[in-house]
Amino acid sequence: MDYSIGEFSKVTGLGIHTLRYYEHENLIIPLRNASNRRRYSEKDIAWISFIKRLKATGMPIKEIKKYAGLRTEGDATLSERMEMLVQHRQSLNEQIRQLQEHEAMLDEKIAFYRQEIEGHQEDTP
């Protein structure tokens with residue numbers, strides 16, 4: 001099945017302006033029909049989902065563009081693409097570790113306040 005840009009926008013949740021920007025930046029290269037209208041496929045849906053996931057996990061657009069370029073080059077770039085994802089995962093794991101430290105600090109502060117509040121309630125007749 002293929003989709004017009006409007007249909008693809010609805011399916012992916014991305015605005016038409018964003019899809020055109022992605023095309024301009026060579027993140028996605030839709031096929032064109034005989035009337036030169038963009039036509040998107042199920043593979044394009046999967047690719048956009050992956051781009052959205054990379055963005056959601058904090059990969060910079062510059063890196064996503066590099067990954068997209070490598071993807072366009074084909075199987076000869078599999079190792080390089082995998083290495084990019086391994087490095088991104090390491091960065092993500094570091095962010096998770098830092099967030100867990102922040103969460104632990106907040107948990108300590110919340111526990112302190114709970115203890116203080118309970119102590120004040122016991123002192124009040």
Side-chain angles (χ1 to χ4, degrees):
M1 180 169 183
D2 67 348
Y3 304 87
S4 69
I5 193 167
E7 294 166 335
F8 194 68
S9 171
K10 289 177 185 168
V11 169
T12 61
L14 295 175
I16 291 172
H17 177 75
T18 301
L19 291 172
R20 287 183 177 137
Y21 169 75
Y22 280 9
E23 183 179 357
H24 177 74
E25 294 296 320
N26 293 318
L27 291 174
I28 188 166
I29 304 168
L31 297 176
R32 299 282 182 149
N33 66 13
S35 304
N36 202 33
R37 294 187 180 270
R38 294 169 182 87
R39 300 308 293 176
Y40 298 89
S41 68
E42 296 293 329
K43 285 184 178 182
D44 293 324
I45 291 173
W47 173 235
I48 285 293
S49 294
F50 190 63
I51 289 173
K52 288 169 69 175
R53 179 75 55 164
L54 292 175
K55 283 185 67 180
T57 58
M59 182 179 275
I61 195 76
K62 179 181 174 183
E63 289 296 303
I64 296 172
K65 285 173 65 172
K66 179 180 176 184
Y67 185 93
L70 292 170
R71 179 178 175 262
T72 302
E73 292 178 29
D75 288 350
T77 65
L78 288 173
S79 294
E80 194 171 350
R81 284 184 275 162
M82 182 186 73
E83 185 56 34
M84 284 185 73
L85 295 179
V86 167
Q87 289 177 9
H88 183 61
R89 183 182 61 195
Q90 289 171 343
S91 173
L92 191 59
N93 284 334
E94 176 59 23
Q95 290 174 32
I96 290 168
R97 186 193 63 72
Q98 289 174 358
L99 288 171
Q100 287 170 334
E101 285 180 15
H102 297 323
E103 181 184 35
M105 185 191 75
L106 288 172
D107 287 344
E108 289 176 19
K109 199 60 149 172
I110 289 168
F112 167 80
Y113 282 117
R114 283 194 176 127
Q115 186 177 10
E116 288 294 309
I117 291 168
E118 288 172 9
H120 281 85
Q121 289 173 347
E122 291 173 4
D123 293 341
T124 306

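As a basis for the values below, the full set of heavy atoms in this structure was taken, side chains included, without hydrogen atoms, waters or symmetry mates. Predicted model only: the values in this text are computed from it and were never measured.
Under the 4.5 Å side-chain contact rule for hydrophobic residues, L31 and Y22 do not share a cluster. There is a path of hydrophobic side-chain contacts, each under 4.5 Å, that joins M1 to I45. In the hydrophobic clustering of ILVMFWY residues, with side-chain heavy atoms under 4.5 Å counting as a link, W47 and I29 come out apart. Residues L54 and L92 are members of separate hydrophobic clusters, defined by side-chain heavy-atom contacts under 4.5 angstrom among Ile, Leu, Val, Met, Phe, Trp and Tyr.
Taking CG from L106 and NZ from K109, the interatomic distance works out to 10.0 Å, rounded to the nearest 0.5 Å. Atom CD1 of I61 and atom NZ of K55 lie 5.5 Å apart (nearest 0.5 Å). Taking CE of M84 as the start and CG of L70 as the end, the distance is 6.5 Å to the nearest 0.5 Å. Between the NE2 atom of H24 and the CZ atom of R20 there is a distance of 13.5 Å, given to the nearest 0.5 Å. Rounding to the nearest 0.5 angstrom, the gap separating the CD1 atom in I5 from the CZ atom in R39 is 10.5 Å. Rounding to the nearest 0.5 angstrom, the gap separating the CG atom in L85 from the CE atom in M82 is 9.0 Å.
Residue R114 qualifies as open at atom CZ: its count of foreign heavy atoms under 6.0 Å is 12 or below. Atom NZ of K52 has more than 12 heavy atoms from other residues, nucleotides or ligands within 6.0 Å.
In plain terms, the two heavy atoms of Y40 and P30 that are nearest each other are CE2-CB, 3.5 Å. The nearest pair of heavy atoms linking G6 to I16 is CA-CD1, 4.2 Å.
Side-chain contact between E116 and H120 is present, with heavy atoms from C-beta onward closer than 4.5 Å. Looking at L27 and K65, their side chains come closer than 4.5 Å, going by heavy atoms from C-beta outward.
Note on E23 versus R32: salt bridge recorded, some NZ/NE/NH1/NH2 to OD/OE distance being below 4.0 Å. K66 and E63 are not joined by a salt bridge, as no carboxylate oxygen comes within less than 4.0 angstrom of a charged side-chain nitrogen.
Side-chain atoms of S41 come within 3.5 Å of backbone atoms of K43 as a donor-acceptor pair (strictly under, hydrogens ignored).
Using a 30° and 60° split on the angle between ring planes, Y67 and F50 fall in the tilted class, from 30° to 60°.
The closest side-chain donor-acceptor pair between E94 and Q98 falls under 3.5 angstrom.
Each of R89, H88, Q95 was checked for a side-chain hydrogen bond (donor to acceptor under 3.5 Å, both in side chains) with T57, and the lone residue meeting it is H88. Looking at I51, I48, I28 one by one, the single match for side chain to side chain contact (heavy atoms under 4.5 Å, CB included) with L14 turns out to be I48.
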